[in-house]
Amino acid sequence: MTCLPQNGAQKKLGLVIDLDICVGCHACAVNCKEWNTGGHSAPLTDMDPYGADPNGVWFNRIHSFEVVDDDNDSRTVHFPKSCLHCDDAPCVTVCPTGASYKREEDGIVLVDADKCIGCKLCSWACAYGAREYDEDAGIMKKCTLCVDRIYNENLPEASRVPACVATCPAGARSFGDLGDPNSDVSKLVSEREGFDLMAELDYKPTNKYLPPRPKQNENTVSDKPVSLAPVETEKAGLLARWADKVLSL
């Protein structure tokens, strides 16, 4: 089996996704597909894309949910999901060939296509459903944080971010070093009470989510975000109970 970096990754590149302002436009997914189908893990194969049963490799997927509170007031929450580049990544330690590995220099989890035998053990181990099996190539693929873009010195420095971040029209996605408590993304997570997806599993995902703020009207004005942390008490709010239920499926 494959080992994680012994000293851990001091630099932890990752994403911060703001659920309060994501509009579910899928621009991040489309631009991710466009960039990566010619990038590090190319191609992102599509099977029968215009047929009755289309299937294909998408590193970034957006799920939309309608949430109704106790007052029968509803809201739509769009939930983008891709590889979270976990510190304790079970997809890495379960790999029998060393194809799935975590980089010590920046914490990014990648797949070596030359070593992958398509056994799918990593996809079974991933609790987030972030692995994508390429049926045409017979190997597993996943989000690379656009590693061939963020280190590309031929691009302007402002463009050296993942394709999903560069294209988000609402500014719902941020990229940076979450291992540095003084980085902009770390400060954003602290200010908005960002949370880990399914934190109870203790995989320590690098990517963080910022919870939706409560609705405001003429009688309620609050900047305090709605907590979407894993539910452990009966006092948890509606959105917390919803998130725990949906993400545990």
Side-chain angles (χ1 to χ4, degrees), residues 1-17 28 32 35-36 39-42 44 57-61 80-134 137-152 160-165 173-186 189 194-209 247:
M1 299 301 176
T2 312
C3 295
L4 293 164
Q6 291 185 353
N7 299 322
Q10 299 301 313
K11 186 177 184 179
K12 300 178 182 179
L13 296 182
L15 302 172
V16 176
I17 300 172
C28 56
C32 168
W35 176 269
N36 285 290
H40 177 276
S41 298
L44 304 194
V57 178
W58 292 78
F59 291 167
N60 188 27
R61 297 179 183 269
K81 186 160 63 69
S82 57
C83 174
L84 293 108
H85 301 276
C86 303
D87 276 355
D88 189 8
C91 60
V92 170
T93 55
V94 79
C95 180
T97 67
S100 185
Y101 65 100
K102 185 174 180 68
R103 293 169 27 136
E104 188 170 358
E105 61 267 34
D106 52 22
I108 297 176
V109 177
L110 295 175
V111 176
D112 185 337
D114 293 332
K115 295 180 180 179
C116 181
I117 58 175
C119 66
K120 301 184 181 179
L121 283 176
C122 60
S123 65
W124 296 337
C126 176
Y128 306 112
R131 293 276 169 150
E132 296 278 322
Y133 183 68
D134 188 327
I139 59 176
M140 197 62 67
K141 297 181 178 181
K142 59 175 292 300
C143 164
T144 68
L145 280 181
C146 294
V147 68
D148 53 344
R149 178 180 175 123
I150 61 176
Y151 290 113
N152 189 341
R160 296 175 201 169
V161 295
C164 61
V165 176
R173 306 173 75 93
S174 302
F175 171 71
D177 182 5
L178 286 152
D180 178 5
N182 295 315
S183 68
D184 290 341
V185 284
S186 293
V189 171
F195 65 94
D196 288 347
L197 194 59
M198 298 171 69
E200 68 275 14
L201 298 177
D202 202 31
Y203 292 147
K204 301 179 180 66
T206 298
N207 290 4
K208 309 298 180 187
Y209 287 90
L247 300 178

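What you see below is based on every heavy atom in this structure, not just the backbone, and it leaves out hydrogens, waters and symmetry mates. Given the structure is predicted, the values throughout are model-derived calculations rather than measurements.
- To the nearest 0.5 Å, atom CZ of residue Phe59 and atom CG of residue Leu44 are 4.5 Å apart.
- Heavy atoms only, all atoms of each residue included: Tyr151 and Asp106 are closest at OH-OD2, 2.6 Å.
- Contact of the Pro205 side chain with the Met198 side chain is not registered, since no non-hydrogen atoms from C-beta on lie closer than 4.5 Å.
- No donor-acceptor pair under 3.5 Å is formed between the side chain of Lys208 and the backbone N or O of Val189.
- Residues Val111 and Ile139 are not in side-chain contact: their nearest non-hydrogen atoms beyond the backbone lie 4.5 Å or more apart.
- Summarising the geometry, atom SG belonging to Cys32 is positioned 10.0 Å from atom CZ belonging to Arg61; distances are rounded to the nearest 0.5 Å.
- Across Leu15 and Cys164, no two heavy atoms sit closer than the pair CD1-SG, 4.1 Å.
- For the atom pair Asp112 CG and Cys95 SG, the distance stands at 9.5 Å (nearest 0.5 Å).
- Atom OG of Ser123 and atom CG of Leu121 lie 7.5 Å apart (nearest 0.5 Å).
- Taking each heavy atom of Lys142 and Val109 in turn, the nearest pair found is NZ-O, 2.6 Å.
- One finds the CG atom of Asn207 at 9.5 Å from the CG atom of Asp196 (value rounded to the nearest 0.5 Å).
- Side chains of Thr93 and Leu4 form a contact here, defined as non-hydrogen atoms less than 4.5 Å apart.
- Inter-residue side-chain proximity for Pro162 and Ile150 is flagged as met; some heavy-atom pair is nearer than 4.5 Å.
- Thr206 contributes a side-chain N or O that, together with a main-chain N or O of His85, makes up a donor-acceptor pair within less than 3.5 Å.
- Closest non-hydrogen pair, Ser41 versus Lys141, comes out as O-NZ, 3.1 Å.
- The pair Asp177-Lys12 does not count as a salt bridge, with every side-chain nitrogen at least 4.0 angstrom from each carboxylate oxygen.
- Within 6.0 Å of atom CG in Asp88, more than 12 heavy atoms from other residues, nucleotides or ligands are found, so the atom counts as buried in its surroundings.
- At least one side-chain heavy atom of Thr144 sits less than 4.5 Å from a side-chain heavy atom of Asn36.
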- Query: When you look at Leu110 and Tyr101, which way does the side-chain contact (heavy atoms from CB on, under 4.5 Å) test go after all the steps?
  - Reply: CA-CA 6 Å; Leu110 295 175; Tyr101 65 100; 3.6 Å; yes
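- Residues Pro80 and Asn60 meet the side-chain proximity criterion, which asks for heavy atoms closer than 4.5 Å.
- Taking SG from Cys126 and CD from Glu132, the interatomic distance works out to 10.0 Å, rounded to the nearest 0.5 Å.
- Stacking of Lys81 on the aromatic ring of Tyr128 is not recorded, the 6.0 Å distance cut-off and the 45° axial limit not both being met.
- Side chains of Ser100 and Met140 form no contact here, defined as non-hydrogen atoms less than 4.5 Å apart.
- Considering all non-hydrogen atoms of both residues, Val92 and Cys3 come closest at CG1-O, 4.1 Å.
- Closest approach of Ala163 to Cys146, counting heavy atoms only: N-SG, 3.3 Å.
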